[in-house]
Each structure stands twice: as structure tokens, then as C-alpha cells.
Protein chains: 2
Amino acid sequence: MATIYQVSELAGVSLATVSRVMNNNARVSENTRNKVLAAMEQLGYRPNSIAQSLASNRSNSVGILVSELHGPFYGEMLSGIENECRAAGKHVIIAAGHSEEASEKDGIEFLISRSCDALILHVEAVSDEYLIKLANGNMPIVLINRFIPQLADNCISLDNELGGYLATKQLLQQGHTQLAYMAGPMWKSDAKDRYHGHLRAMAEHGLSFNPALLAEGDFQDSSGSACMQQLLAKGLPFSALVCANDEMAAGAMEVARAHGLNVPQDLSIVGFDNLILARYIYPKLTTIDYPIGEMGRMAARWVLKNIYQQQALQLKNIFQPVLVCRDSASAIAAG
Amino acid sequence: MATIYQVSELAGVSLATVSRVMNNNARVSENTRNKVLAAMEQLGYRPNSIAQSLASNRSNSVGILVSELHGPFYGEMLSGIENECRAAGKHVIIAAGHSEEASEKDGIEFLISRSCDALILHVEAVSDEYLIKLANGNMPIVLINRFIPQLADNCISLDNELGGYLATKQLLQQGHTQLAYMAGPMWKSDAKDRYHGHLRAMAEHGLSFNPALLAEGDFQDSSGSACMQQLLAKGLPFSALVCANDEMAAGAMEVARAHGLNVPQDLSIVGFDNLILARYIYPKLTTIDYPIGEMGRMAARWVLKNIYQQQALQLKNIFQPVLVCRDSASAIAAG
DNA sequence: TAGTATGATGTAAGCGCTTTCATTTATAGC
DNA sequence: GCTATAAATGAAAGCGCTTACATCATACTA
């Protein structure tokens with residue numbers, strides 16, 4: 001691989017000049033610039049990004065921590081981030097945190113040791129305090145799907161409360177009055193917020209929430225099935241079910257079907273996230289759209305603007321979810 | 001951030017010694033080692049990986065090119081790779097190729113300029129010649145889901161032909177004799193191989209393949225729907241359908257249902273890939289398992305063994321697909 | 001015409017490590 | 001106690017860049 005040395009020699013200029021035309025950050029005469037460009041071309045020169053990083057103290061890489069690399073959710077997010085970063089010539093280094101505190105911290109340490117210029121984090125297990133401390137260090141971070149008041153500017157989040165509200169509201173407007181709620185793990189803020197949204201909608205319609213119709217799962221489809229079993233076992237009537245995410249909704253739907261319940265005739269179900277699978281399950285799932293790809297993109301823009309000085313970019317911190325109507329929820333039967 | 005210099009000063013030894021204990025690659029006395037370790041601890045020292053890379057000419061990073069970051073398939077693969085690499089202290093740099101030649105080449109260039117120690121590629125549009133040339137340069141590459149005879153050692157692939165064979169065989173054993181085939185884009189080698197497997201199974205059962213019952217899609221679910229429309233429009237009878245992937249199978253199933261066909265009573269369907277969605281669609285899809293996560297893991301091991309000298313690892317180049325029986329295919333009705 | 005900006009280019013000092021080679025210190029053999 | 005040998009450590013030269021700072025033309029100004 002050719003080095004800057006050979007380029008400078010071939011072009012008959014100094015190292016510094018070659019560096020200048022590469023970064024075009026200082027005035028170089030048209031003539032010289034062309035000589036250098038020609039030499040680069042001729043040698044097939046590619047700057048060594050490692051050396052650039054060491055010398056400039058910027059690695060041009062952004063670290064990303066997601067809970068999992070597989071699964072329907074994070075792919076969209078990564079895709080959004082990568083697209084935006086790549087277009088700006090930055091690259092992404094990825095680690096998985098597996099929703100466990102130790103693993104998340106470990107991943108963050110790993111990314112830091114890799115000299116990332118900034119971190120985009122989707123973390124769940126780590127505490128607010130830890131993140132605040134991290135943000136006060138000299139590693140810039142942006143948080144996806146998490147809102148911490150002290151770090152408001154660094155958070156790209158969804159109004160989960162509104163989502164829970166909208167999901168519930170839809171069913172209420174369709175005439176349902178007996179609703180069950182299948183929550184995510186309540187230690188996760190998104191699960192909690194969605195639940196609160198549900199409660200608000202219920203209250204708004206003058207309905208009191210029956211705690212017996214609440215089940216708490218872990219966002220996996222298997223727990224959706226398990227929770228549905230529990231709910232049915234109680235023998236309490238309900239004509240609609242709000243699930244805190246699509247996967248649990250899918251699990252619940254399966255159990256409902258096994259119990260001879262038709263969806264949506266006997267039971268309306270609404271999910272949350274609008275994963276790909278929402279379009280594949282039968283009947284197609286009515287759900288709340290989570291624009292995670294767009295949010296990833298926005299997190300990348302945050303970094304481009306705040307770290308790489310692309311001032312022109314517009315930022316947006318809080319996203320509003322919208323309802324996506326499909327086939328799994330319908331008006332309550334007239335009789 | 002503390003540097004190696006400060007550590008050496010605090011420990012009262014030279015730079016070189018500190019470097020030695022970090023890499024523990026040369027004999028350092030127990031005593032000295034402890035002093036150095038203590039100094040590191042005290043300073044919270046973390047080696048600067050950029051500087052390490054520049055000095056050692058190894059970046060400890062492996063570049064990965066996938067077609068897309070989102071979608072159900074690549075996530076599994078990335079997850080497998082990341083897991084394996086991370087455990088070995090290597091990191092992954094990811095780029096997307098979007099199944100287009102220019103974009104794939106661009107991504108490869110990008111990864112090379114990032115000084116990766118090796119590349120793991122899932123490329124579709126780029127030619128064999130290009131890859132052979134690339135492999136003959138000094139960037140080690142490993143190919144996933146692609147077999148090129150001259151690069152056999154660098155290929156981690158699935159026996160797609162066998163998969164196509166198994167899918168078809170299952171239906172034949174269930175008594176079906178009139179089978180339709182929905183292929184992927186024939187310029188992709190996996191699509192072609194699966195199709196060949198289908199033909200082999202048919203021939204083995206003494207059945208001739210009716211070209212009118214072949215439709216070529218593009219691996220997307222929308223094209224699965226479109227192809228199904230075409231097939232049904234011909235008015236030719238068939239009791240079973242082999243789809244070259246799960247997404248097309250899902251699209252086809254939907255159209256079948258819209259036409260009043262019950263799956264599997266009226267029409268048996270088998271897919272290929274065993275994506276997550278195969279478990280979610282209704283009825284659950286009988287399909288061929290594509291162990292893409294495992295293959296990603298293997299590609300990572302290839303790199304660890306060949307590039308990072310972890311000699312102990314066992315490698316495997318060709319994976320055998322297996323049939324996963326679910327509910328979408330059943331024995332042909334007795335009548 | 002000397003004096004002074006101003007733009008273009010060169011010089012050289014790092015960035016924080018690894019690694020070769022030289023040097024010092026310990027161990028053993030006699 | 002003295003040499004031969006091995007083990008531990010240090011000195012210093014890079015790795016390929018960036019970036020003050022210095023230098024040198026050139027073009028204006030008065």
C-alpha cells in the first residue's frame with residue numbers, strides 16, 4: 001500500500017501538502033492540488049485511517065450498542081444508523097448488550113476502548129446514574145428509546161405513553177369496555193409508559209381498570225402465550241386485549257385460537273411496535289408503529305451534527321407513534 | 001486517558017516492559033508484572049487500540065458486508081459473527097451492499113480502507129472474478145452463502161441443492177404428484193441450486209416437471225403473492241407448492257387463502273430459510289432450516305483461525321440443511 | 001523601492017503504541 | 001570466584017499520518 005510519503009515524492013511536494021489536499025482544509029494552489037491528485041491516482045493511494053486517527057485523535061467511527069443483533073427490531077435501527085453514517089464517511093462499530101447490566105457495561109467499555117468518537121446506545125439494564133456519569137465524561141453519547149431528564153438533549157425517544165393510550169383508545173372507540181392488558185417487564189421504562197398510557201385512556205373513558213385483567217410478560221412471544229393462558233384461566237370476561245408489544249400479541253393470538261376464540265370476532269387484539277411479523281400473522285395485527293429506523297437515523301444525525309460539525313442538520317428528540325389499523329381489532333359484536 | 005508512558009513511570013519500568021505485560025508475549029518477571037499491573041489498575045489505564053493498530057499493523061477488526069442490515073436473515077448472521085469475534089476481543093465493522101454491484105464494491109473498498117484484518121462477505125451482485133482477484137490480493141476474505149471452486153477454502157456455504165431436494169421430497173412422500181415451484185431470481189446461485197434440487201427430487205420419483213407450474217419471483221413476499229396469482233390463473237391443478245424462500249411462501253399463502261384454498265388441506269406449501277416468520281404465519285410453515293447464525297459463527301472462526309492464529313478451532317465449509325416440519329404441508333387427501 | 005500583508009509550501013514534532021537490538025542482571029557450572 | 005549462558009529489561013526507531021510553526025514567494029501599499 002502506498003503511503004503519503006510516496007505520494008509526496010511522486011508529486012514533488014511535502015507530506016504536509018499531500019495531507020492538505022486530502023483534507024482540503026487549507027489553501028493549496030490549483031496546480032499543486034492537481035499534481036497531488038494525479039500522484040494519488042497513479043499510486044492507487046488510500047489514506048491509512050488508523051494513522052489518521054492516531055494523529056488527529058478522531059477515529060471517524062461511532063459505536064453502537066444494541067440489545068441484540070438479531071430479531072426484528074434492532075436490524076431496522078442499525079440499518080437507519082449505518083445508512084446515515086456511511087453517507088458521511090463514518091463507520092459503525094457494533095456490540096450487543098443482551099439486556100444485562102454487566103454485558104451492557106462491558107460493551108460500552110469495549111466501544112470506548114475502540115476510540116469511537118461517539119456512542120449510540122440502546123441500553124435497558126444500566127442505571128440512569130451510570131449513563132449520566134458516562135455522559136459527563138468526555139465520550140459523547142446518544143440514547144435511543146430512553147428518556148432521562150438530565151440528558152434530554154441526548155435522548156431520542158418514542159412517546160410510549162401516547163402509544164399505549166392510542167392502542168387502548170382505538171379499542172374503546174370500537175365499543176369495547178372489558179379490556180385486558182398484557183404488559184412488558186415493568187422495570188423497563190417503555191413497558192411502564194405504555195401501561196400508563198393504557199390507564200389514562202381507560203380513565204378518560206370513565207372505565208376503571210381491573211387488576212385481575214393485567215398480566216406481566218417479558219416481551220417474548222412465549223410469555224405472550226403464557227400470559228394469555230393465565231388471563232383465560234381466570235374466567236373473567238374481556239372482549240379486547242392490549243399487548244405491550246407485537247411478539248406477545250402473536251403468542252397471545254395463538255393461544256386464543258387454540259381456545260377456540262376467533263380474532264377479532266370474539267377477541268380484539270392490538271399490539272405495539274409494528275414489527276415485520278405484524279403483517280404476517282393471521283389475522284394481520286393492528287398495532288402501534290414504532291419508527292425505530294427513523295429514530296436510528298436521527299441518532300446518527302445527532303452525532304453528525306454535534307460531533308462532526310454538520311451544522312445544517314435538523315434534530316428531533318421525541319417521536320410520536322401512530323396507530324396502524326389492520327385486521328386483529330374490530331368493533332364489538334352488536335349482540 | 002492514561003498512556004503507557006505514565007504507567008511505565010509509575011511502575012518504574014520502561015515502556016517496553018509495560019507493552020510486554022499487556023501482550024504477555026515475552027517473559028517478564030512475576031515481580032515486575034505485578035508492579036505494572038498495579039500501576040495500570042491505579043491509573044485506570046486502557047490501551048489505545050488505534051495506536052496499537054498503527055504500531056502492530058493489525059487492527060483487530062473484521063469487516064462484514066451484508067446485503068441489508070434489517071430483515072430477518074442478516075440479523076442472525078451478524079449476531080453469530082459478533083458473538084464469536086467479541087469473545088476473542090476483535091471487533092466488527094459493518095457495511096451494507098444492497099445486492100447491487102456498485103454498492104457492494106463500494107462497501108468492500110470502504111472496509112479495506114478501514115484497515116480490517118479480514119473481510120466476511122455476503123455478496124450477491126459482484127462477480128466471481130472480482131472476488132477471486134480480491135482474494136489473491138492481501139486482504140483475506142471469507143464468503144458466506146456462496147461457493148466459488150477456486151476459493152473453496154474461503155467459502156462457508158449451504159447445500160442449497162440438497163435443501164431444494166428435501167423440500168420437494170417431503171411433499172412427494174406425502175403423496176403429492178402435482179407440484180408447482182416458485183423460484184427465486186435465477187441469477188442468484190442459491191435460487192438456481194434450490195431449483196435444481198427440486199428437479200432432482202422430481203426426477204427421482206419419476207415425475208416430469210411441468211414448466212407451466214414454474215414461477216420466478218424475487219424472494220420478496222410481494223412477488224410470492226404475484227407468482228401465486230399467475231400460477232392460479234393458469235387453471236392447472238396442483239396440490240403442493242415448493243417456494244424458494246419463506247417470504248415468498250408467506251405471500252403465496254395469503255393469496256391462496258384469498259382464493260378460498262385451505263392450507264394445507266387444499267394446498268400444501270413448503271418454504272425455505274426457516275425465518276422467524278415461519279413460526280408466526282398461519283398455518284405455521286413447514287420449511288428448510290438455513291443455519292445462517294451458525295454459518296456466521298463459522299465464518300468468524302475461519303478468521304480467528306487463519307488470521308488470528310487460534311489454531312485449535314475446527315472449521316466446516318459446507319452446511320447441510322434440514323427439513324422442519326410444521327403445519328403447512330400434509331399428506332394429500334385420500335379422495 | 002522598501003515594507004507589509006497574504007497565500008503557498010515545507011519542516012519537524014508528535015499521536016501511543018510495538019518491536020528489534022543492545023544491555024544489564026541472575027543462574028549455573030566448574 | 002569467574003566465565004558461559006539465559007532471562008529480564010531498557011533504548012530507540014519506527015507505524016503513517018496531522019498540524020503548529022517557520023519559511024518563502026508574490027502582490028500590494030505608500
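The sequence lines fix the lettering, A, B, ..., with proteins before strands; numbering per chain opens at 1.
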Novice: For Gln314(B), does the CD atom have more than 12 heavy-atom neighbours from other residues, nucleotides or ligands under 6.0 Å away?
Specialist: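 Not more than 12 within 6.0 Å, no.
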
Novice: Around atom CD of Glu294(A), are there more than 12 heavy atoms of other residues, nucleotides or ligands at under 6.0 Å?
Specialist: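 Counting other residues, nucleotides and ligands, CD of Glu294(A) exceeds 12 neighbours.
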
Novice: With a 4.0 Å cutoff (strictly under), does any side-chain N or O of Asn48(B) reach OP1 or OP2 of dC15(C)?
Specialist: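 For Asn48(B), the contact criterion (side-chain N or O under 4.0 Å from OP1 or OP2 of dC15(C)) is not met.
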
Novice: Calculate the interatomic distance between Glu9(A) atom CD and dT9(C) atom C1'; express it in whole Å.
Specialist: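 After rounding, the gap between these two atoms is 17 Å.
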
Novice: Heavy atoms from C-beta onward define the side chain here; which of dT9(C), dT18(C), dT18(D) lies closest to that of Val28(A)?
Specialist: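 That would be dT9(C).
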
Novice: Minimum heavy-atom separation for Ala2(A) and Tyr45(A), please, with both atom names.
Specialist: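 Smallest interatomic distance, heavy atoms only, reads O-CD1, 3.4 Å.
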
Novice: Can you identify which nucleotide, out of dT9(C), dC15(D), dT9(D), has its nearest atom closest to the Ala55(B) side chain?
Specialist: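 For the Ala55(B) side chain, the nearest candidate turns out to be dC15(D).
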
Novice: Confirm from the modelled atom types if Arg20(B) and dG10(D) form a donor-acceptor pair under 3.5 Å, side chain to base only.
Specialist: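 By the distance-only test, yes, there is a pair.
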
Novice: Could you grab the distance from atom CD of Gln52(A) to atom CG of Asn57(A), nearest 0.5 Å is fine?
Specialist: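 Nearest 0.5 Å value for the CD-CG distance: 13.5 Å.
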
Novice: 5'-most contact on DNA chain D: Thr17(B) or Ser19(A), nearest heavy atom basis?
Specialist: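 That would be Thr17(B).
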
Novice: For a quick test of reading the model: is some side-chain N or O of Ser56(A) closer than 4.0 Å to OP1 or OP2 of dT18(D)?
Specialist: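 Indeed not, no polar side-chain atom of Ser56(A) lies that close.
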
Novice: Which whole-number value in Å describes the distance from Asn31(A) CG to dG7(C) P?
Specialist: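 My rounded result for the distance is 18 Å.
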
Novice: To the nearest 0.5 Å, what is the distance between CG on Leu304(A) and SG on Cys85(A)?
Specialist: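 Leu304(A) atom CG to Cys85(A) atom SG measures 5.5 Å (nearest 0.5 Å).
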
Novice: Take the protein atom CZ of Arg58(B) and the nucleotide atom P of dG16(C), then report the distance between them rounded to whole Å.
Specialist: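 Rounding to the nearest Å, CZ of Arg58(B) and P of dG16(C) are 21 Å apart.
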
Novice: What's the CG-P distance between Asn24(A) and dT19(D), to the nearest Å?
Specialist: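 Atom CG in Asn24(A) sits about 13 Å away from atom P in dT19(D).
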
Novice: Arg27(B) has an atom CZ; how far is it from atom P of dG10(D), in whole Å?
Specialist: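 Whole-Å distance recorded here is 16 Å.
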
Novice: Find the distance between CD1 (Ile94(B)) and OG (Ser79(A)) and round it off to the nearest 0.5 Å.
Specialist: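 So the CD1 of Ile94(B) and the OG of Ser79(A) are separated by 11.0 Å.
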
Novice: Would you mind telling me which of dT18(C), dG10(D), dC17(D) lies closest to the side-chain atoms of Ala16(B)?
Specialist: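 Within the option list, the nearest is dG10(D).
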
Novice: Measure from the side chain of Leu54(A), starting at C-beta and using heavy atoms only, and say which of dG16(C), dG10(C), dT18(C) lies closest.
Specialist: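 The nucleotide sitting nearest to the side chain is dG16(C).
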
Novice: Please give, in whole Å, the distance from dG10(D) P to Leu15(B) CG?
Specialist: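 Value for this atom pair: 10 Å.
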
Novice: Does Tyr45(A) put a side-chain nitrogen or oxygen below 4.0 Å from OP1 or OP2 of dC17(D)?
Specialist: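 For dC17(D), OP1/OP2 do have a side-chain N/O of Tyr45(A) under 4.0 Å.
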
Novice: Can you tell me if the side-chain N/O atoms of Asn57(B) get under 4.0 Å from OP1 or OP2 in dT18(C)?
Specialist: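 Asn57(B) to dT18(C) OP1/OP2: no side-chain N or O under 4.0 Å.
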
Novice: Reckon Val18(B) touches a base, only the sugar-phosphate, or nothing at all at heavy-atom distances under 4.0 Å?
Specialist: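 If one applies the 4.0 Å heavy-atom cut-off, Val18(B) turns out to touch nothing in the nucleic acid.
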
Novice: Nearest whole Å is fine: how far is dC15(D) P from Asn60(B) CG?
Specialist: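 So the CG-P distance, Asn60(B) to dC15(D), works out to 20 Å.
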
Novice: Taking atom C1' of dC15(D) as reference, at what distance in whole Å does atom CD of Gln6(A) sit?
Specialist: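 My rounded result for the distance is 14 Å.
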
Novice: If you check the Met22(B) side chain, which of dG16(D), dT9(D), dC17(C) turns out closest?
Specialist: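 Per side-chain heavy atoms of Met22(B), the pick is dC17(C).
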
Novice: Between dC15(D) and Thr3(A), is there an OP1 or OP2 to side-chain N/O distance shorter than 4.0 Å?
Specialist: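 Checking dC15(D) against Thr3(A), no side-chain N or O comes under 4.0 Å of OP1 or OP2.
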
Novice: Ser49(B) near the nucleic acid: base, sugar-phosphate alone, or nothing, with a heavy-atom cut-off under 4.0 Å?
Specialist: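 The answer is nothing, as Ser49(B) stays clear of every strand by at least 4.0 Å.
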
